[in-house]
Amino acid sequence: MTEFEQTIEVAASPEEAFCYVADFTTVTEWDPGMVESRLAGGEAGAVGAAYDVVALFRGSRVPFRYRIAERDENCRLLFEGEGDKASSTDEILFAPSGTGTRITYRAKLTMKGVYRVAEPFLGGTFDGMGRKAMTGLKTRLDASR
């Protein structure tokens with residue numbers, strides 16, 4: 001398993017930040033590692049909502065199906081992603097901070113089958129992708145103010 005965690009501070013309120021991230025079709029607006037995202041089932045932002053996404057990983061297009069597994073209004077989202085070669089769990093926490101929001105993003109990537117042997121070598125790539133996504137999220141949420 002490969003893990004990533006980072007905390008950022010954004011100007012948007014917890015409600016604004018939460019609603020924006022909960023609708024995972026927006027991920028392509030802030031995460032340069034995601035090139036496609038569409039609602040595949042359920043109500044956008046609600047528990048059970050499914051999103052078909054395509055990630056760019058080391059130059060390859062990797063399809064995933066993400067779904068919102070848990071949602072604590074304006075505080076926490078838990079996304080679970082499944083692809084042919086890997087699964088992902090992304091927990092996003094939102095907390096008031098001054099006039100904005102502190103967002104903590106925790107992600108775990110687990111390779112499947114024969115691809116598990118590559119896990120020890122993916123940490124740097126996964127970390128870099130996560131940091132770029134968090135920079136994009138901060139830029140996007142700060143611009144909304």
Side-chain angles (χ1 to χ4, degrees), residues 1-83 85-112 115 118-145:
M1 176 177 18
T2 304
E3 297 183 38
F4 169 80
E5 181 173 333
Q6 185 177 355
T7 299
I8 59 172
E9 303 267 339
V10 300
S13 72
E15 296 81 11
E16 291 169 317
F18 183 90
C19 288
Y20 180 72
V21 175
D23 177 1
F24 211 53
T25 61
T26 66
V27 72
T28 58
E29 297 173 4
W30 53 269
D31 185 343
M34 297 289 194
V35 294
E36 293 178 28
S37 182
R38 69 173 187 79
L39 183 63
E43 180 183 336
V47 170
Y51 298 86
D52 286 335
V53 303
V54 176
L56 276 182
F57 191 77
R58 293 187 163 188
S60 296
R61 294 171 63 88
V62 182
F64 273 86
R65 164 74 54 101
Y66 273 87
R67 71 175 189 84
I68 298 178
E70 297 176 22
R71 174 189 167 120
D72 299 322
E73 196 66 31
N74 300 326
C75 298
R76 179 176 173 268
L77 289 163
L78 183 69
F79 288 92
E80 294 176 342
E82 286 292 327
K85 299 176 184 176
S87 62
S88 176
T89 302
D90 297 43
E91 180 183 43
I92 309 157
L93 306 172
F94 303 81
S97 178
T99 59
T101 306
R102 177 181 305 113
I103 300 173
T104 300
Y105 200 111
R106 298 179 183 136
K108 296 177 184 177
L109 181 71
T110 303
M111 302 305 292
K112 295 179 177 179
Y115 301 103
E119 274 185 0
F121 308 104
L122 299 177
T125 301
F126 193 53
D127 189 70
M129 291 173 67
R131 293 196 181 285
K132 287 177 184 174
M134 294 303 287
T135 297
L137 183 57
K138 178 171 176 44
T139 300
R140 191 72 176 187
L141 289 173
D142 285 349
S144 72
R145 296 303 297 176

Give the minimum heavy-atom separation between Met34 and Ala55, together with the two atoms involved. SD-CB, 3.8 Å
Residue pair Leu109 / Ser88: nearest heavy atoms and the distance that separates them: CD1-CB, 4.3 Å
Kindly indicate, with the supporting measurements, whether the criterion side-chain contact (heavy atoms from CB on, under 4.5 Å) is fulfilled by Leu141 and Trp30. CA-CA 9 Å; Leu141 289 173; Trp30 53 269; over 6 Å; no
State which residues pass salt bridge (Lys or Arg N to Asp or Glu O under 4.0 Å) with Asp72; sequence neighbours excluded, sorted by chain then number. Arg76
Heavy-atom closest pair (Met134 atom, Ile103 atom, distance to 0.1 Å) is CE-O, 4.2 Å
Please report the shortest heavy-atom distance between Glu80 and Ala69, naming the atom on each side. CD-CB, 3.6 Å
Parallel, tilted or perpendicular for Phe24 and Tyr66, by the 30°/60° rule? tilted
Is the number of heavy atoms from other residues, nucleotides or ligands under 6.0 Å of Glu82 CD greater than 12? yes
The criterion is side chain to side chain contact (heavy atoms under 4.5 Å, CB included); which residues satisfy it with Thr7, sequence neighbours excluded? Arg102, Thr104
Flag the pair Met129 / Phe4 as yes when at least one side-chain heavy-atom distance between them is below 4.5 Å, and no otherwise. no
side-chain contact (heavy atoms from CB on, under 4.5 Å), paired with Val27, selected from Thr25, Asp23, Asp31: Asp31
CG of Leu56 to CD of Glu36: how many Å apart, nearest 0.5 Å? 9.5 Å
Can you check whether Thr101 reaches Phe18 side chain to side chain, under 4.5 Å on heavy atoms? no
Check whether Asp142 reaches the backbone of Ala11 with its side chain - one donor and one acceptor, N or O, closer than 3.5 Å. yes
Between Ala95 and Pro14, which heavy-atom pair has the shortest distance, and what is it? C-CG, 4.4 Å
Where is the tightest heavy-atom contact between Ser37 and Val53, given as atom of each residue plus distance? OG-CG1, 3.4 Å
Side chains of Leu137 and Tyr20: closer than 4.5 Å at any heavy-atom pair? yes
Close side-chain approach of Phe79 and Thr89, heavy atoms under 4.5 Å: no
Run the numbers on Thr26 and Glu29 for side chain to side chain donor-acceptor pair (under 3.5 Å), then give the verdict. CA-CA 5 Å; Thr26 66; Glu29 297 173 4; 5.2 Å; no
